[in-house]
Chemist: 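Okay, handing you the structure first.
Start at 1 and go down the list; that is how both ligands and their atoms are numbered.
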Amino acid sequence: MSTAAELDADLVSYQDHSELTGPFDIVGDVHGCIEELTELLSRLGYQVHDDLTITPPEDRKLIFVGDLADRGPGIPQVFRLVSTAVAEGKAFCVAGNHDTRLAIALRGTPLPLTYGLADSLEQFAEHPPEFAREMAVFIRRLPGHLIFDHCHLLVAHAGLRESLHRVETMQARELAIHGEKTGVRDQFGEIRHPWAAEYGGKPLIVFGHTPVENPVILNNTINVDTGCVFGGRLTALRYPEREFVSVSARRQYYEPTRPFLPNDPRWPKT
Ligand code: MN
């Protein structure tokens with residue numbers, strides 16, 4: 001392994017919580033949808049208090065698949081809620097590609113204000129700068145993937161092929177956060193590598209990153225990003241029950257990058 005591939009001292013590829021067997025509620029890409037997140041947590045039995053602290057139902061913990069940032073109307077509030085719950089041991093969270101990009105911008109590096117980053121920076125500007133610094137540190141410390149339940153459950157924002165499970169390198173971290181590049185483009189942009197179609201590993205992988213109409217179960221993977229910020233739904237997977245709980249978006253906050261059909265009659269709106 002080259003030196004360049006090694007992780008910076010404060011970056012983490014994965015965290016192993018194998019001894020924790022659940023039950024968990026695994027939440028898809030939130031993208032600043034604070035109202036829908038609050039409603040979803042209530043439906044799951046969590047109390048959400050005015051200061052955005054939460055009281056979980058007995059024994060349950062939250063896991064976020066990343067992409068808390070960008071596009072939606074309540075981005076700082078979502079970070080407040082999730083970072084507090086993580087600090088209190090009530091939640092876990094992996095890094096999403098939008099989150100790591102926001103952390104770079106919050107530390108003062110100029111970036112193009114694309115993909116909803118402008119929304120994040122505008123909303124953080126309404127809060128004290130210490131909060132932005134605190135959240136940049138929170139994001140930077142998020143792992144690329146998380147392992148639970150004696151290796152039966154793995155959570156990564158963009159999924160992760162089996163050869164990179166429990167691998168502590170920059171490549172494993174980057175692929176868990178950004179997914180694998182194909183170099184193939186269509187009219188909407190680069191086509192994402194269909195890693196889940198090829199997956200044959202032992203842990204169930206729960207991920208987000210690519211919005212889908214309904215949760216997709218493929219091989220031993222489940223995509224729980226049902227595109228809330230694009231007018232779809234915010235979905236949680238209850239584990240080990242393997243039940244889905246979804247709430248509908250209040251509205252479409254952002255135009256989808258690719259065609260995305262949120263109103264599928266097969267999936268009852270709740
Ligand atoms: Mn996303």
Chemist: Quick check: does Asp225 have an N/O/S atom under 2.8 Å of the Mn ion (ligand 1)?
Modeler: no

Chemist: So, the side chain of Thr109 versus the backbone of Ala105: is there a donor-acceptor pair under 3.5 Å, distance only?
Modeler: no

Chemist: Tell me, please, whether Tyr253 has Arg71 positioned over its six-membered ring: NZ or CZ under 6.0 Å from the ring centre and within 45 degrees of its axis?
Modeler: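 No; the conditions do not both hold, so Arg71 does not lie above the ring face of Tyr253.
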
Chemist: So, does Ser42 use its side chain to make a donor-acceptor pair with the main chain of Thr38 at under 3.5 Å?
Modeler: yes

Chemist: In Asp67, which N, O or S atom comes closest to the Mn ion (ligand 1)?
Modeler: OD2

Chemist: Would you say the ring centroid of Phe92 lies under 6.0 angstrom from that of Phe148?
Modeler: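 Yes, close enough.
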
Chemist: Is the His31 ring parallel, tilted or perpendicular to the Phe230 ring (thresholds 30°, 60°)?
Modeler: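 Aromatic pair His31/Phe230 classed tilted.
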
Chemist: May I ask you to check if any N/O/S atom from Asp70 comes under 2.8 Å of the Mn ion (ligand 1)?
Modeler: no

Chemist: How about His31: does one of its N, O or S atoms come closer than 2.8 Å to the Mn ion (ligand 1)?
Modeler: yes

Chemist: Taking the N/O/S atoms of Asp29 one by one, which is nearest to the Mn ion (ligand 1)?
Modeler: OD2

